[in-house]
Structure formats: structure tokens, C-alpha cells
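Order of appearance sets the numbers: ligands from 1, and atoms from 1 within every ligand.
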Amino acid sequence: MDGQEQFEALIAADARVEPRDWMPEGYRKTLVRQISQHAHSEIIGMQPEGNWISRAPSLKRKAILMAKVQDEAGHGLYLYSAAETLGTPRDRMTEDLIAGKARYSSIFNYPALSWADMGAIGWLVDGAAICNQVPLCRASYGPYGRAMVRICKEESFHQRQGFEILLELARGTDAQKEMAQDAINRWYAPSLMMFGPPDDDSPNSRQSMAWNIKRFSNDELRSRFVGMIVEQVQVLGLTLPDPAIRFNAETGRWEHGPLDWEEFREVLAGRGPCNSQRLARRREAHEEGAWVREAAAAYARRQNATEVA
Ligand SMILES: [Fe+2]
Ligand SMILES: [Fe+2]
């Protein structure tokens, strides 16, 4: 069997492709793009929440939020490592990000305006991430699937901490309840758009599904997410800003109102409310961290030298 045949046999058997295996160039490229975009999203995603650590309303909330933001850094690291096994060095991925050449999830270009946003981000953004990522635990590329298993365990803690913030606010004063509702109103549509464009406008999805990278279509995952949050919002005693949500018994799917895909494209193209701020901050952090990378490299060289001697 040659490489191509072996690869096809692995995919047909729904088995895992490992870094040592031959793989088509398109498969490798798709994975590098998807995994690096995912890694960038974890790292850029630390900013809207990191911004609230110093303003958390109590020591307990501060500790929880700090742990959550730190988890996201860890997710970025697992994912950069998974992408590196495909032959693209992490330095290059970082360069592309800070040069504004790489994409990351459009959601992180929206501002976090109030403490309730920490709740809405955890509940809706991490919630959407879970819906998207649980099927990725079975992605055909081994290092990606294994990274996703660890990440998903932590994401469910993220979602619960967000939900709990909203629950406490919803049971608080009228002003607190209003703040929670306002945060949900602002994060609802962007979180639905996290699943990507509608199926008829998502040209790469079919190939990703044939390669067992993606298991469900964008619209399928979005509809599941809507079904999940439409029940949970009742526990909060709040509402979703979408009167068109309904369960379609014929298709077995949840439906929602129209989304502003023009806005989505604008944000992806770098013209969202916080794009330039997010990238500037990332660039600054990278430059400020240069001495840490140099020190770590010097330490590693010394360790190697000692081992050889
Ligand atoms: Fe994450
Ligand atoms: Fe998360």
C-alpha cells in the first residue's frame, strides 16, 4: 500500500492519522489553518476577560476568573503544539497572528463592557465552543483530537462559572438583573455566529467532513446550541433576544431568527469594534515577553550541555 492508500484506509476505518503517517497536502494545510486559528482564538480570547480580573467583585470571583483565563492560555499551548506536529513552527504562527495575517474567532473582537459580560461570555461563548469542540475530540488527526479531549473538560467548568455569575445577578437587584439581560442581548448573536457561515456558504465544510475532521455542519451545531441555551435561559429567569426561536418538529431542529452575516464578515475582515486593540495588545505582549523566551532558550541550552557532559 502506498501513502495515499494507507491514508484513505485510515479515514475509511475512522481511525487516527498520526504525525508520522503520509497525508495529502490539502489535509495538512486544512489542519494547520484550523488548529492555528483555534490556538490564536484561545490566546486572543484571554483579553476581554483578562481585562476584568482586576475589577472582579470579590476575591472568590477574581480567583475563578484568573483560573479560567489561565486555562485559555493552556488551551492555546496544547493547540500550538498540535499544529507544530504538522511541520509549521510556532514562531511562524505567532508572526502571522501579530502581522494581522491569521484569523481568529470573530467573537473576541467585541468589547466586554460590564461584569455581567463575564457571565455571558462563559455561558454563551464557552458554551458555543463546547458544542463545536466536543465532536472535534473525534477528529481524525490524533494530536488535535487528543488536545480537544483535555480542552473540553476545562470548557465545561468555564461554562458553569459563567452561568453561575448570571444566575447570581439574575437573582439580585433589579439593576443587576438588567445588567445580566443586557449582556445576554449583546453576546447572543455573536455567539451563534461562532459556528461559522450558513452551510450553503461554507465551501470547505464538505471536504473537512469527508476527512473526518468536522463531524457536523455549521448549521447543525448552531441549531443544537440554540436548543441548549433556550432551556438554560429559563433557569436564569431571563430571555434570549430572538423572538423567532422555535423547534421545528419536521426537521427535528431548532430554528432562530436571521443573523447579520454582513457584520460577521466585517469583523472577520478586521473591522470589528476591538480588532486593532486586540492585535496591538497581542503584539505588545509578544515584545514584552521576548526576554522570557530568550531566558528559556538559554536555560534549555545549558541543560542540554550538562546532559552531554
Ligand atoms: Fe478554551
Ligand atoms: Fe474556555
Side-chain angles (χ1 to χ4, degrees), residues 31 33-53 56 60-84 90 93-94 97 102-112 115-139 141 143-167 183-184 186-188 190-196 213-214 221-222 224-225 228-229 232 274 278 281-282 285:
L31 281 168
R33 194 187 57 231
Q34 180 171 337
I35 303 173
S36 63
Q37 281 179 6
H38 192 160
H40 298 328
S41 304
E42 301 282 356
I43 299 298
I44 296 282
M46 294 168 73
Q47 292 187 36
E49 290 173 296
N51 191 30
W52 278 90
I53 290 175
K60 183 183 119 188
R61 290 291 177 201
K62 191 193 284 268
I64 294 172
L65 187 60
M66 239 154 64
K68 196 257 184 198
V69 173
Q70 230 163 31
D71 281 354
E72 306 299 6
H75 298 173
L77 296 187
Y78 305 155
L79 289 163
Y80 282 127
S81 303
E84 277 196 308
R90 184 168 152 196
M93 295 184 263
T94 306
L97 175 65
R103 280 186 172 176
Y104 55 87
S105 180
S106 58
I107 192 98
F108 300 117
N109 293 312
Y110 291 87
W115 171 253
D117 285 28
M118 298 305 97
I121 291 177
W123 178 47
L124 294 173
V125 178
D126 292 86
I130 294 172
C131 283
N132 223 345
Q133 291 171 8
V134 166
L136 287 174
C137 296
R138 293 191 291 124
Y141 189 58
Y144 191 31
R146 287 189 289 272
M148 291 319 306
V149 172
R150 269 181 87 168
I151 290 175
C152 284
K153 286 184 187 157
E154 293 174 349
E155 293 301 355
S156 34
F157 148 65
H158 297 172
Q159 194 194 18
R160 265 178 291 171
Q161 65 87 35
F163 187 82
E164 210 235 335
I165 289 174
L166 290 176
L167 190 62
I184 293 174
R186 283 181 289 106
W187 290 94
Y188 168 77
S191 71
L192 258 61
M193 292 196 268
M194 282 174 73
F195 295 94
I213 298 173
K214 223 175 142 75
L221 292 168
R222 189 167 15 245
R224 282 189 191 188
F225 176 64
M228 191 177 85
I229 58 175
Q232 293 176 350
C274 299
R278 299 287 186 242
R281 180 71 199 101
R282 183 69 203 88

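- Annotation for Arg103: atom CZ does not count as buried by contact number, only 12 or fewer foreign heavy atoms lying within 6.0 Å.
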message: Please determine whether salt bridge (charged side-chain N to carboxylate O under 4.0 Å, His left out) holds for the pair Glu72 and Lys68, giving the CA-CA distance in whole Å, both sets of side-chain angles, and the decisive distance to 0.1 Å.
response: CA-CA 7 Å; Glu72 306 299 6; Lys68 196 257 184 198; 3.1 Å; yes
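- Salt-bridge formation is not detected for the pair Glu155/Arg160: no Lys NZ or Arg NE/NH1/NH2 atom is positioned less than 4.0 Å from an Asp or Glu carboxylate oxygen.
- At least one N, O or S atom of Glu42 sits under 2.8 Å from the Fe ion (ligand 1).
- Remark: at the Fe ion (ligand 1), atom OE1 from Glu72 and atom OE2 from Glu155 enclose 130°, rounded to the nearest 10 degrees.
- Closest N/O/S atom of His75 to the Fe ion (ligand 1): ND1.
- The distance from the Fe ion (ligand 2) to the nearest N/O/S atom of Asp126 is under 2.8 Å.
- Annotation: the span from Ile107 atom CD1 to Met193 atom CE amounts to 8.0 Å, rounded to 0.5 Å.
- In terms of distance to the Fe ion (ligand 2), the nearest N, O or S atom of His158 is named ND1.
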- prompt: What do the steps show when you test Tyr110 against Arg186 for side chain to side chain donor-acceptor pair (under 3.5 Å), and what is the final call?
  reply: CA-CA 9 Å; Tyr110 291 87; Arg186 283 181 289 106; over 6 Å; no
